[in-house]
Amino acid sequence: MTTATRWDRIWVNLHVATMVPGDEPYGAIGDAAVAVKDGRIAWVGPAQDLPGLPAMLATEVIDAGGAWMTPGLIDCHTHLVHGGNRAREFELRLNGASYEEIAKAGGGILSTVTATRAADQDRLVADALPRLDALLAEGVTTVEVKSGYGLETDTELRMLRAARALGRLRPVEIRTTLLGAHALPPEFADDAEAYVDLVVREMIPAAAEAGLADAVDAFCERIAFSTAQTRRVFDAARAAGLPVKLHAEQLSDQKGAVLAAEFGALSADHLEYLGTDGVRAMAAAGTVAVLLPGAFYMLREKQLPPILELRSAGVPIAISTDCNPGTSPVTSLLLMVNMACTLFRLTPEEALAGVTRVAARALGLEDRGTIAPGRRADLALWRIGTPAELAYMVGFNPCIQVVRGGLPRDPRMGFAGEAAA
């Protein structure tokens with residue numbers, strides 16, 4: 001290898017969970033090496049197969065001390081940007097109030113709407129940064145952020161701008177999703193069709209024209225929007241050239257997943273009440289099932305998503321925090337990996353795939369989620385003995401290095417003041 005083609009850096013003395021599907025669990029390579037150049041993975045394999053001495057191959061050699069490397073984790077469903085919190089509603093639920101009762105009484109999403117409308121962009125960013133930093137410290141390198149707490153065009157766009165700003169302030173890629181059809185705002189409480197008109201005729205075109213949204217989402221549920229109304233939102237997204245996602249079958253089976261599959265949705269999320277027809281439709285369309293164990297846990301839900309059916313049908317399963325102020329105030333993706341195993345009975349390998357390879361697919365990103373030549377060098381190093389420990393441990397963070405675009409950072413030093421790579 002000539003000096004002109006030297007790699008930027010190479011990690012040695014490590015084991016790699018490539019998460020590339022194959023015969024080996026986790027796509028694991030023991031006693032491996034990983035090299036990066038120009039923010040991409042240039043080489044990965046057994047260290048004995050390197051074409052020369054590491055110091056002759058790369059500008060920088062990093063001894064990983066026997067650590068495990070995985071792809072950078074991906075949190076593919078969050079509501080990270082919002083005003084206020086809903087700790088009071090947490091108390092109400094513990095005293096017997098249901099999610100639907102709180103929503104019908106003007107609480108729930110609408111209480112966050114009031115706080116979010118009152119917050120300027122700087123405040124939204126400042127409030128979201130600690131939540132984002134908690135995710136980054138656990139090896140997260142890509143985060144999806146939804147709007148949905150403005151329910152008016154100006155505030156929805158402000159939320160999306162705040163989300164984009166997070167990606168300029170921290171070493172992370174932020175993918176934004178317009179969730180205008182999240183709930184009915186108070187000014188449209190008696191006219192859902194008029195509000196859907198606003199979403200499809202003004203909100204979606206404005207977000208698309210400004211380049212602020214990477215996708216469009218909706219909440220298809222009895223307390224939110226019908227399948228007919230959701231179809232209108234999806235038609236508008238398609239006209240704007242934006243892919244769709246859907247909050248579906250969280251509280252009841254409204255056939256939202258079937259509709260999402262019809263539109264080739266990137267994902268359908270929650271899915272506790274998903275029926276066989278929805279499973280089959282998602283399998284045929286290649287739509288990812290995003291499971292959200294944090295909301296399942298916080299709401300004390302009893303209805304499990306149909307894991308066996310999803311697995312049998314070959315529907316890819318992703319896992320996410322659903323970080324939001326009301327039903328999943330969670331900022332630990334590692335905890336969700338554990339809960340996916342303990343509550344939903346995923347295997348540790350399925351759960352890790354759900355926050356790497358499959359989570360990337362849920363965002364329509366083909367350049368990350370596995371460790372393979374040509375993929376983005378978004379990586380995480382862990383002081384663990386086996387990859388299963390990432391699902392096994394609760395409340396412990398073994399992440400010792402986060403690599404974003406090929407640049408290593410120590411998560412124990414924090415991320416304040418670090419711009420995205």
Side-chain angles (χ1 to χ4, degrees), residues 72-91 93-94 99 102 108-109 111-112 115-116 124 127-149 163 166 170 172 174-175 177 179 182 217 219 245 247 250-251 267 269-272 289-301 304-305 317-344 346 351-352 354-356 358-359 362-363 380 390-399 411 415:
L73 305 190
I74 298 170
D75 199 351
C76 63
H77 178 132
T78 85
H79 305 255
L80 204 68
V81 171
H82 59 79
N85 70 66
R86 279 147 60 186
R88 174 56 180 155
E89 292 174 24
F90 177 63
E91 287 187 305
R93 285 201 304 275
L94 291 177
Y99 183 90
I102 291 172
I109 291 170
S111 63
T112 301
T116 303
L124 292 173
D127 287 350
L129 279 173
R131 297 187 281 268
L132 178 61
D133 286 344
L135 294 172
L136 301 187
E138 289 190 346
V140 173
T141 54
T142 301
V143 179
E144 186 257 18
V145 180
K146 302 180 190 295
S147 65
Y149 294 125
L166 294 174
R170 293 293 189 268
V172 64
I174 299 292
R175 303 293 290 182
T177 300
L179 181 57
H182 195 192
D217 199 346
F219 187 14
K245 304 167 69 69
H247 288 60
Q250 181 183 10
L251 306 173
S267 71
D269 305 21
H270 286 289
L271 303 178
E272 282 86 341
V290 178
L291 306 185
L292 305 170
F296 180 92
Y297 168 80
M298 289 293 293
L299 293 173
R300 296 187 290 178
E301 180 60 72
L304 287 165
I317 299 173
I319 306 298
S320 186
T321 63
D322 190 19
C323 177
N324 75 73
T327 60
S328 189
V330 174
T331 56
S332 173
L333 194 54
L334 289 180
L335 178 59
M336 298 300 95
V337 168
N338 173 272
M339 285 188 173
C341 296
T342 56
L343 299 179
F344 296 161
L346 267 64
L352 186 55
V355 295
T356 54
V358 186
L363 296 178
L390 296 177
Y392 161 73
M393 292 183 287
V394 180
F396 179 71
N397 178 11
C399 187
F415 295 90

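Starting from 1, each residue takes its place in the sequence as its number. All values reported here derive from a predicted model rather than from experimental measurement.
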Val355/Met336 under side-chain contact (heavy atoms from CB on, under 4.5 Å): CA gap, chis, key distance, verdict:
CA-CA 9 Å; Val355 295; Met336 298 300 95; 5.9 Å; no
Could you give the distance from NE2 (His82) to OG (Ser111), rounded to the nearest 0.5 Å?
10.5 Å
Heavy-atom side-chain proximity of Pro329 to Met298 below 4.5 angstrom
yes
Note, Leu334 side chain near Pro398 side chain (heavy atom, < 4.5 Å):
yes
Begin from the C-alpha positions of His79 and His182 and carry the test side-chain contact (heavy atoms from CB on, under 4.5 Å) through to its verdict.
CA-CA 11 Å; His79 305 255; His182 195 192; 4.1 Å; yes
Please find the pair of heavy atoms, one from Pro293 and one from Leu343, that lie closest to each other, and give the distance.
O-CD1, 4.2 Å
Let me confirm one number: the CG-CG distance from Leu80 to Asp75, rounded to the nearest 0.5 Å.
8.0 Å
Would you mind reporting whether Ile319 and Leu346 have side-chain heavy atoms less than 4.5 Å apart?
yes
Val172 pairs by side chain to side chain contact (heavy atoms under 4.5 Å, CB included) with which of Leu135, Thr141, Leu136, Thr142?
Leu136
Nearest heavy-atom pair of Ser328 and Ala295: which atoms, and what distance?
OG-N, 3.6 Å
Applying the side chain to side chain contact (heavy atoms under 4.5 Å, CB included) criterion to Leu352, which one of Val337, Leu73, Val358 satisfies it?
Leu73
Please report the interatomic distance CD1(Ile317) to CG(Leu271), rounded to the nearest 0.5 Å.
9.5 Å
Set out, in order, the CA-CA distance, both residues' side-chain angles and the distance that settles side-chain contact (heavy atoms from CB on, under 4.5 Å) for Leu166 and Val81, then state yes or no.
CA-CA 9 Å; Leu166 294 174; Val81 171; 3.9 Å; yes
Geometric class of the Phe296/Phe344 ring pair [parallel <30°, tilted 30-60°, perpendicular >60°]:
perpendicular
I would like to know whether Thr112 and Arg86 meet side-chain hydrogen bond (donor to acceptor under 3.5 Å, both in side chains); could you show each step before the answer?
CA-CA 8 Å; Thr112 301; Arg86 279 147 60 186; 3.0 Å; yes
Please examine the side chains of Glu144 and Lys245, heavy atoms only from C-beta on, and report whether any two atoms are closer than 4.5 Å.
yes
Within a strict 4.5 Å, meaning less than it, do heavy atoms of the Phe90 and Asn85 side chains meet?
no
Exercise: identify the closest heavy-atom pair between Glu301 and Glu272
CG-CG, 4.1 Å
Interatomic spacing from CD in Glu138 to CG in Asn397 - rounded to 0.5 Å:
5.0 Å
Here the gap from Met339 atom CE to Leu291 atom CG, rounded to the nearest 0.5 Å, amounts to 14.0 Å
pair His247-Leu179: side-chain heavy atoms closer than 4.5 Å
yes
Using side-chain heavy atoms (C-beta onward) and a distance below 4.5 Å, is Asp322 in contact with His270?
yes
Validation row: Asp217, Ser147 side chains within 4.5 angstrom (heavy atoms):
no
Which pair of non-hydrogen atoms, one from Ala359 and one from Ile74, has the smallest distance, and what is that distance?
CB-O, 3.6 Å
Which atom names give the shortest non-hydrogen contact between Ala137 and Cys399, and what distance separates them?
O-CB, 3.6 Å
Smallest separation among heavy atoms of Ala391 and Cys341, with atom names
CB-SG, 3.8 Å
With rounding to the nearest 0.5 Å, note down the distance linking CZ in Phe396 to OG in Ser332.
12.5 Å
